[in-house]
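To find a chain, count down the sequence lines: A is the first, B the second, and so on, and within it residues start at 1.
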Number of protein chains: 2
Amino acid sequence: MKLDQVRAFIAVVETGSFRSAATAIHKTQPSISASIKSLEEQYDILLFDRDSYRPTLTAAGHSFFQQSKKLLSQVQQLESLGHNLSHGVDMPLRICLSQMTLTSNCMQKIKQFTQLHPHISLDITTGHMHGVQETLLKDQSDIAIGPRYGLDDRHAFTELMTVNMVTVIHPDLLEELNTIGGKSSGKIKQQQLYPIPQILVSNPSRSNKNNDGYQHLLATGKRWFVSDFNAKKTLLLNGFGWARMPRHIIKENLDSGELIAIDIEQFASTSEMPVLMIRLRNQTRSHQANLFWDFMKP
Amino acid sequence: MKLDQVRAFIAVVETGSFRSAATAIHKTQPSISASIKSLEEQYDILLFDRDSYRPTLTAAGHSFFQQSKKLLSQVQQLESLGHNLSHGVDMPLRICLSQMTLTSNCMQKIKQFTQLHPHISLDITTGHMHGVQETLLKDQSDIAIGPRYGLDDRHAFTELMTVNMVTVIHPDLLEELNTIGGKSSGKIKQQQLYPIPQILVSNPSRSNKNNDGYQHLLATGKRWFVSDFNAKKTLLLNGFGWARMPRHIIKENLDSGELIAIDIEQFASTSEMPVLMIRLRNQTRSHQANLFWDFMKP
DNA sequence: TAAAACGATCAATAAAAATGATCATATTAT
DNA sequence: ATAATATGATCATTTTTATTGATCGTTTTA
């Protein structure tokens, strides 16, 4: 397949005839004929129906056209990239941060990096849960920073820090718990929590097959799924349930007593969740990506 | 730009040398040199650093390589499509249905279509809200069926039917309302509903700028966002709030008294929501798509 | 009914790509 | 150290490919 052949094909479709296509892309009509013929012979398909005066796309030709358009837009992207690169326009370094990692600690380190390398432009996006690693796989980011959830052997990673996770609940709900369940202090039994929903952050966009990584689920409790930590926090503050939260997000609410940290029997109520810096193992890394990786690496 | 040049470039990157690249793609080394040189001159960039013995990618070369890989995968898609088309493999017709439209009425019409055209393979996906129209724009579907939300002038549509929307609430909550608010029958005042959350289906994946289409929001009430109608139904059945629902989804719950239809003052409590069949205006349509469109059109 | 536009075809020509030989240099192996 | 091997650039030559202009039989348009 030659690009010029595809260009000729598209020109014919869009101008409606071989001749007009020829003038449109500055070639001669026989040249267009040859290009179409070559495509048709190469794949053993009929792109145009020549029975009528004007060439009309066959069903196969229609599918081929749509895909051809995609190909050509990809070509144009590559060509404009080529031209941009000659003018010193670098590709931005794309970082995807898990909401969980938005601590001043981590952000300051990134800010230091930007100050150290002011010529490197950073594209920073945020995501939740597996979504962070998915941006790597979908080539929407070069480096991701997030929890261990959803990693497999395609990912390489290094631990950056840990986030203190704490199990919290609204004081009203806690009181309700104690009046029903029994003891007013000490550890809470798992059974006591069953009637109260656990609020979890989920990624509803993709139904993930493997449920690994959810090591912090209460086995039979009711569960609520929200889309991000802010929604989770809102629900918590309104007393809709209990949840595990990064301490830095709800620190002020803990201090003011709007939320209470609780301790559950046989359940990792507070824990240090590792935050990883992640990249794809088999992908060639840009120089900027390597600089960032080495700078952030502990 | 020639495809062979890009292929040569990628081969060099992946094999590590011009000579090995030559053998890998069955060309000679001078040919590879010429290809790379041509690319470099065309865009006025340096792809490889030749100072060292082995050619190593420059920063520009690295960016160019990543984009080149994408291009080539697009090429392979087109080529395999070409070969498939010759063996009579048609592209499936991709329909995206809003969850709201999953009435037996609509589904039966689609089933009739499949029986009428057994050779046309249908790919059916479902989505929520704007997500349905987005599949069109992202070229993930050929025809969408869903509500009016999020349409703009890129879309062409025709009304298929209407779905009866009804405002419902859990009987316990209704009782609570009446004891607090006053009357035990007749219309409910908007103010009475403020303390009870309205449950809405949202599309959290994309933060949509224009809030048009949400004509059924109570101005100052609390709001809950869930990802689909099933979640909404679950919340309703558990008495978490009130919501507007397609009648066909909760018909049985209304009959059994698990949910109660309510009437709110100055609020379109029950209404007929139009369900549209939607396609992109400027996109060439496949024969299958036209067949489907004409069949479904009232 | 005449004129214009269409696509297919073909021999001739122009352009481009691939080739093989050769060179200077860098890396290995001995 | 030294010989052997491997690397990329260069160039004249050949081969392949693309393009052209002319022409033919149609179909559409005026």
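Of the side-chain N and O atoms in B:Lys2, one or more sit less than 4.0 angstrom from OP1 or OP2 of C:dA17. OP1 or OP2 of C:dT9 lies within a sub-4.0 Å distance of a side-chain N or O belonging to A:Lys37. At the phosphate of D:dA9, OP1 or OP2 sits under 4.0 Å from a side-chain N or O atom of B:Ser33.
For the pair B:Arg279 and B:Trp293, the cation sits on the ring face: its NZ or CZ lies under 6.0 Å from the ring centre, inside 45° of the axis.
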Evaluate the salt bridge (charged side-chain N to carboxylate O under 4.0 Å, His left out) criterion for residues A:Asp139 and A:Arg94: first the C-alpha distance (whole Å), next the side-chain angles of each, then the deciding distance (0.1 Å), finally the verdict.
-> CA-CA 9 Å; A:Asp139 192 27; A:Arg94 299 163 304 169; 3.1 Å; yes
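The separation between B:Leu3 atom CG and D:dT17 atom C1' is 16 Å, rounded to whole Å. Put simply, CZ on B:Phe9 is 16 Å from C1' on D:dG8, counting in whole angstrom units. Nucleotide D:dT10 holds its P atom 16 Å from the CD1 atom of B:Ile32, rounded to whole Å. Straight-line distance from the NE2 atom of B:His26 to the P atom of C:dT19: 12 Å, rounded to whole Å. Atom CD1 of B:Ile25 and atom C1' of C:dA18 are 12 Å apart (whole Å). The distance between atom CD1 of A:Ile36 and atom P of D:dT19, rounded to the nearest whole Å, is 12 Å. The nearest whole Å value for the distance from the CZ atom in A:Arg7 to the C1' atom in D:dA18 is 15 Å. In this entry the distance linking CG of B:Asp4 with C1' of C:dA17 reads 9 Å, nearest Å.
Atom CD of B:Glu79 is separated from atom CG of B:Asn84 by 12.0 Å, given to the nearest 0.5 angstrom.
Taking the six-membered ring wherever Trp is involved, the centroid distance between the rings of B:Phe48 and B:Phe65 does not fall below 6.0 Å.
With 3.5 Å as the limit, one finds a donor-acceptor pair spanning the side chains of B:Ser17 and B:Ser20. When only modelled atom types and interatomic distance are considered, B:Gln29 and B:Ser33 share a side-chain donor-acceptor pair under 3.5 Å.
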Protein-proximity profile, nucleotides 21-30 of chain D, B/S/- by nucleotide at the 4.0 Å heavy-atom cutoff, equals BB----BS--
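Within 4.0 Å of B:Ser17, counting heavy atoms only, lie sugar-phosphate atoms of the nucleic acid but no base atom.
Taking a 4.0 Å limit (strictly below) on heavy-atom distances, residues 39-48 of chain A does not reach DNA chain D anywhere.
Side-chain atoms of A:Lys27 lie closest to D:dT20 of the nucleotides C:dG7, D:dT20, D:dA9.
Using a 4.5 Å heavy-atom cutoff, the side chains of A:Pro298 and A:Leu160 are in contact.
Looking at A:Asp152 and A:Arg154, a side-chain N of the basic residue comes within less than 4.0 Å of a carboxylate O on the acidic one, giving a salt bridge.
Atom NE2 of B:His155 has more than 12 heavy atoms from other residues, nucleotides or ligands within 6.0 Å.
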